[in-house]
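Structure first, then comments.
Each chain gets a letter, A, B and so on, in the order the sequences are listed, and its residues count up from 1. Fair warning: this is a prediction, and the values are worked out from it, not measured in the lab.
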Protein chains: 2
Amino acid sequence: MRYPPGYKEKKHTELLKISGSLMKKNGFAATGVDTLMHAAGMTSGAFYSHFASKTDLLKTLVTSELTASQTLWTSNPHDTAEDWLDFELERYLSIQHVLQPEAGCLLPSLSAEIARADLSVRERYEQELLKGHAILTQRLGDENLAWAFICQLAGSILIARTLPTEELQRMVIHASKLLLRNALAS
Amino acid sequence: MRYPPGYKEKKHTELLKISGSLMKKNGFAATGVDTLMHAAGMTSGAFYSHFASKTDLLKTLVTSELTASQTLWTSNPHDTAEDWLDFELERYLSIQHVLQPEAGCLLPSLSAEIARADLSVRERYEQELLKGHAILTQRLGDENLAWAFICQLAGSILIARTLPTEELQRMVIHASKLLLRNALAS
DNA sequence: GTCTATAGGCTGATAGAC
DNA sequence: GTCTATCAGCCTATAGAC
């Protein structure tokens, strides 16, 4: 059977999208190659014509997911630093983000597993995180504040997701917004 | 073979200590029953005379680990709110805590997996987290600030651990300390 | 490029001897 | 209470047909 030109690239992109969703939702270790490929309408054997190993997928995923996040940030329509940041806070610290890890940021879902991964994965991650940090530093005018924002954002979604009631989840993201807005004002 | 009275309780406590270390270091899903039991000098069959299932271990672990963290907090020797908090910030946001997950807090290591666990696990987690939140609220005098602190602390250690160089790790925890100290002052 | 089939190993969990 | 032995199922990865 022949495949049209560009087919592999298209499938590759599709695999990254599907595996991103699955792994953010269920975890990297908990998501098997077979499960992933069947969700993409293929069988496990075809996985290795796209990725050298499961670790290679994680590496690729780190780049594609964090690049997508940066694109989201740069598509923020607001100009002034205050409006820009307010828009991002509302989007990131939303109950939707808490309830839908599969559609959300990589950081709260997969950071713990990335911290335990190969150096090559962490170096790729560092590279992308530094780009995000640079964008935020530009808006905040302060490198330290930018790092603290990243930690607060990821930490809030992470903790909110562990809690069993939406009431507490809302309390956590609300509290986090208050702290960050206060940090901006001072 | 007979076993002296209190032997099971002693082994049970030992198992919790060892499994806590292993799972904080390598992750819950990634740590098998066999690996865990051999680290404790036993074989896998004996696991099930201590815990009904692996999930049951996680549930028990949540209580024992977070209780231990609360004990640490309450053993803080300082009286005034400012000194008490400064002591905790220095202890939690230390490079040792970044480099030694096996000896550190459960939150940065296992929150993502707890968020994906059974409701029974998350309810147990909620119960303990609320106790910690209450302690912090008492010191900070503000419920929202207490939630935001918890998120910032866990998030900072989580993100720092993903980074490949100690230089960046130090930068992240330093930035986090600055934000929290600033929040205290205002 | 994807398929089926399969290898070898690890997983969580159980049964029965001691 | 812990042991050995074992189960069925899943895992990552590979070989070869189409």
Side-chain angles (χ1 to χ4, degrees), chain A residues 1-20 22-62 110 112-114 116-118 120-121, chain B residues 1-20 22-62 110 112-114 116-118 120-121:
Chain A
M1 187 177 176
R2 294 278 306 279
Y3 295 89
Y7 184 86
K8 186 177 180 181
E9 287 70 19
K10 193 184 149 195
K11 272 289 173 191
H12 192 83
T13 308
E14 191 185 323
L15 279 178
L16 282 179
K17 191 176 170 185
I18 293 173
S19 60
L22 279 175
M23 293 183 166
K24 285 187 288 183
K25 188 178 182 190
N26 302 323
F28 176 72
T31 305
V33 171
D34 197 71
T35 304
L36 157 64
M37 293 305 281
H38 273 99
M42 295 167 162
T43 54
S44 65
F47 177 84
Y48 295 91
S49 69
H50 288 274
F51 306 100
S53 65
K54 212 191 163 192
T55 299
D56 180 45
L57 166 63
L58 181 58
K59 223 154 67 178
T60 312
L61 215 46
V62 161
L110 296 181
E113 288 182 286
I114 288 168
R116 298 175 189 122
D118 291 353
S120 66
V121 175
Chain B
M1 187 179 176
R2 293 278 306 279
Y3 294 90
Y7 184 86
K8 186 178 181 180
E9 287 71 20
K10 192 184 151 195
K11 272 288 173 191
H12 192 83
T13 307
E14 192 186 323
L15 279 177
L16 282 179
K17 192 176 171 184
I18 292 173
S19 59
L22 280 175
M23 293 183 167
K24 285 187 289 184
K25 187 177 182 190
N26 302 322
F28 176 72
T31 305
V33 171
D34 196 70
T35 304
L36 157 65
M37 293 304 282
H38 274 98
M42 296 169 162
T43 53
S44 64
F47 176 84
Y48 296 92
S49 67
H50 287 274
F51 306 100
S53 64
K54 211 191 163 192
T55 300
D56 180 45
L57 165 62
L58 181 58
K59 222 153 68 178
T60 313
L61 215 46
V62 161
L110 296 180
E113 288 182 285
I114 288 169
R116 298 175 189 120
D118 290 353
S120 66
V121 175

Open item on the list: Going by the rule salt bridge (charged side-chain N to carboxylate O under 4.0 Å, His left out), which residues pair with B:K11 if we only count those two or more places apart in sequence or in a different chain?
Closed with: B:E14

Task: Spacing between A:E9 atom CD and C:dG1 atom C1', to the nearest angstrom - done: 11 Å

TODO: Applying ring pair (Phe, Tyr, Trp, His ring centres under 6.0 Å), name anything that partners B:H12, two or more places apart in sequence or on another chain.
DONE: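 If we apply the ring pair (Phe, Tyr, Trp, His ring centres under 6.0 Å) test to B:H12, skipping adjacent residues, the hits are B:H50, B:F51.
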
Open item on the list: Checking B:Y48 now: which residues fulfil ring pair (Phe, Tyr, Trp, His ring centres under 6.0 Å) with it, not counting sequence neighbours?
Closed with: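 Result, ring pair (Phe, Tyr, Trp, His ring centres under 6.0 Å) vs B:Y48: none returned.
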
- [ ] Sugar-phosphate atoms are those with a prime plus P, OP1 and OP2; base atoms are the rest. Using that split, label each nucleotide of nucleotides 2-14 of chain C B, S or - for protein heavy atoms under 4.0 Å, 5' to 3'.
- [x] BBB------SSBB

TODO: Please identify each residue that fulfils side chain to side chain donor-acceptor pair (under 3.5 Å) with A:D34, with sequence neighbours left out.
DONE: A:H38

Open item on the list: Quick test of your reading: applying salt bridge (charged side-chain N to carboxylate O under 4.0 Å, His left out), list the pairs with at least one residue in residues 44-61 of chain A, sequence neighbours left out, ordered by first then second residue.
Closed with: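 Sorted result for residues 44-61 of chain A: empty, none.
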
